[in-house]
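This report concerns only the one structure given below.
Remember, predicted model here, so these are calculated numbers, not experimental data. Heavy-atom basis, side chains included; hydrogens, waters and symmetry copies ignored.
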Amino acid sequence: MFPRALIDLHCDTLTALSPEDAPRLTALRDPLRRQEAAAALMDKVQKLNTLDLPGRHFSLSAVPQEVSWCQCCAIFIPDGLEGEEAVAYYDFHRRSFQRQMEALSGKVLPCRTAADIEAAWSQGKAAAVLTVENGSALASRLDRIEVLARDGVRMMTLTWNGENEIGSGNVTDHGLSPFGREAVLELERQGVILDVSHLNDQGFDDLLKTAQKPFVASHSNARAVCGHQRNLTDDQIAEMVRRGCLIGLNYYNAFLREDGQPAAPDDLWRHAEHFLELGAEHCLALGSDADGADLPHWLDGPVQFAGLYQFFLDRGLTASQAEGILWRNARDFFKEIW
């Protein structure tokens, strides 16, 4: 049994990165070599409709016809790209998104509001929401936030794993910078949702002191279940519940279990169950990390993603609870924030 709809808060499918592409760019210290590598990657992407390729975790053609789908599509900017390099990288993939929306208009529509999403669904099309992963896209300029908002960006992760002008990711130990605190308030003012996935604990604490609106962790799990630093602590989850935030379950093997073994369905359930025990029934959503991470073989495509509805029913959730996780919680959050 499939749900009526599904909203996925995060995929890396738009940038079509193979597993080795991001580390290769990040490892290049010489700016000229980074630019050359980025240009080669962009040339690869320019020739593809990356949102509709066979064999990927997410492909528009693989979406079950009976499911109204909304996919948040991230422009992922690797650590190591900054300033004008990061801006150029963002601009290329933003143009790629716009081109694909036109080329694939029979299947998908770009959306900026909850009303847009429901309008796309009413036409029998998928909804695509443009997001950014890594605030280096701002290049230390607050006026860039207005540019991103005008481009249709509706959500942005403040950092990736390392440090940028806004703050520090989970492999570093600083918090938000003074610019980062200003950026948080301007992002809220421009209606771009703050995403704390990848942000480290100090940065999360700083965000709590700065943010005035609910925010999201688009693709993060529970650290009490799997001890990876990318996952959320119980205190962080409880505060997000208190503030009416949104949390997307991540399907990445390494965030589901920490012993290096392939994740089993019960591993995903343990995270969902833990979130529910902490009161997150109306805050829990999906954030697959499709095409940006190593996903379990039983959860590697839209049919399997939609099958989580029956998965949750089989584990004792009501239809209302399962629909909340699959789409309603995210839809209601978007209605409030946008």
## Note on the structure
Residues passing the side chain to side chain donor-acceptor pair (under 3.5 Å) test with E239, sequence neighbours excluded, are R242, R243

### Query
Any chance the side chains of S96 and Q100 put a donor and an acceptor closer than 3.5 Å?
yes

#### Entry: Listed partners of E188 passing salt bridge (charged side-chain N to carboxylate O under 4.0 Å, His left out), at least two apart
none

## Note on the structure
Taken in chain and number order and not counting sequence neighbours, the residues that satisfy salt bridge (charged side-chain N to carboxylate O under 4.0 Å, His left out) with E165 are none

### Under 3.5 Å side-chain donor-acceptor pair for H228 and E258
no

### Task
State whether a side-chain donor-acceptor pair under 3.5 Å links W121 with Q123.
no

### Task
Return yes if a side-chain donor-acceptor contact under 3.5 Å exists between D8 and S288, otherwise no.
yes

### Query
Do T13 and D291 have side-chain atoms, one donor and one acceptor, less than 3.5 Å apart?
yes

Report all side-chain donor-acceptor pairs from residues 101-108 shorter than 3.5 Å, counting only partners two or more places apart or in another chain.
unit_1: S105; atom_1: OG; unit_2: E102; atom_2: O; d: 3.2
unit_1: K107; atom_1: NZ; unit_2: D52; atom_2: OD2; d: 2.6
unit_1: K107; atom_1: NZ; unit_2: S61; atom_2: OG; d: 2.6

### Query
With sequence neighbours left out, what residues match R4 under salt bridge (charged side-chain N to carboxylate O under 4.0 Å, His left out)?
none

### Query
Is the closest side-chain donor-acceptor distance between H297 and Q304 under 3.5 Å?
no

### Query
Tell me the ring-ring contact (aromatic ring centres under 6.0 Å, His included) pairs involving residues 316-338, sequence neighbours left out?
F334-W338

### Query
side chain to side chain donor-acceptor pair (under 3.5 Å) with T210: which residues, sequence neighbours excluded?
none

### Derivation and outcome, ring pair (Phe, Tyr, Trp, His ring centres under 6.0 Å), residues F305 and F58
CA-CA 9 Å; F305 297 174; F58 175 76; 7.9 Å; no

### Query
Between N161 and D79, does any side-chain donor sit less than 3.5 Å from a side-chain acceptor?
no

### Message
Other residues, nucleotides and ligands only: do more than 12 of their heavy atoms fall within 6.0 Å of NE2 on H282?
### Response
no

### Message
For the residue pair S197 / S220, report whether a side-chain donor-acceptor contact shorter than 3.5 Å exists.
### Response
yes

### Message
Checking D235 now: which residues fulfil side chain to side chain donor-acceptor pair (under 3.5 Å) with it, not counting sequence neighbours?
### Response
none

### Message
Does anything in residues 293-306 form a salt bridge (Lys or Arg N to Asp or Glu O under 4.0 Å)? List the pairs, not counting sequence neighbours.
### Response
none

### Message
Listing request: all salt bridge (Lys or Arg N to Asp or Glu O under 4.0 Å) pairs with a residue in residues 135-144, at least two apart in sequence or in separate chains.
### Response
E84-R141, R141-D143

### Message
Side chains of Y90 and D151: any donor to acceptor distance under 3.5 Å?
### Response
yes

### Message
Atom CD of residue position Q98 - does it have more than 12 heavy atoms of other residues, nucleotides or ligands inside 6.0 Å?
### Response
yes

### Task
Could you list all the salt bridge (Lys or Arg N to Asp or Glu O under 4.0 Å) pairs where at least one residue sits in residues 208-232, not counting sequence neighbours?
D201-R223

### Task
Could you tell me which residues satisfy side chain to side chain donor-acceptor pair (under 3.5 Å) with R315, sequence neighbours excluded, listed by chain and number?
D266

### Check: F97 ring centroid to H93 ring centroid under 6.0 Å
no

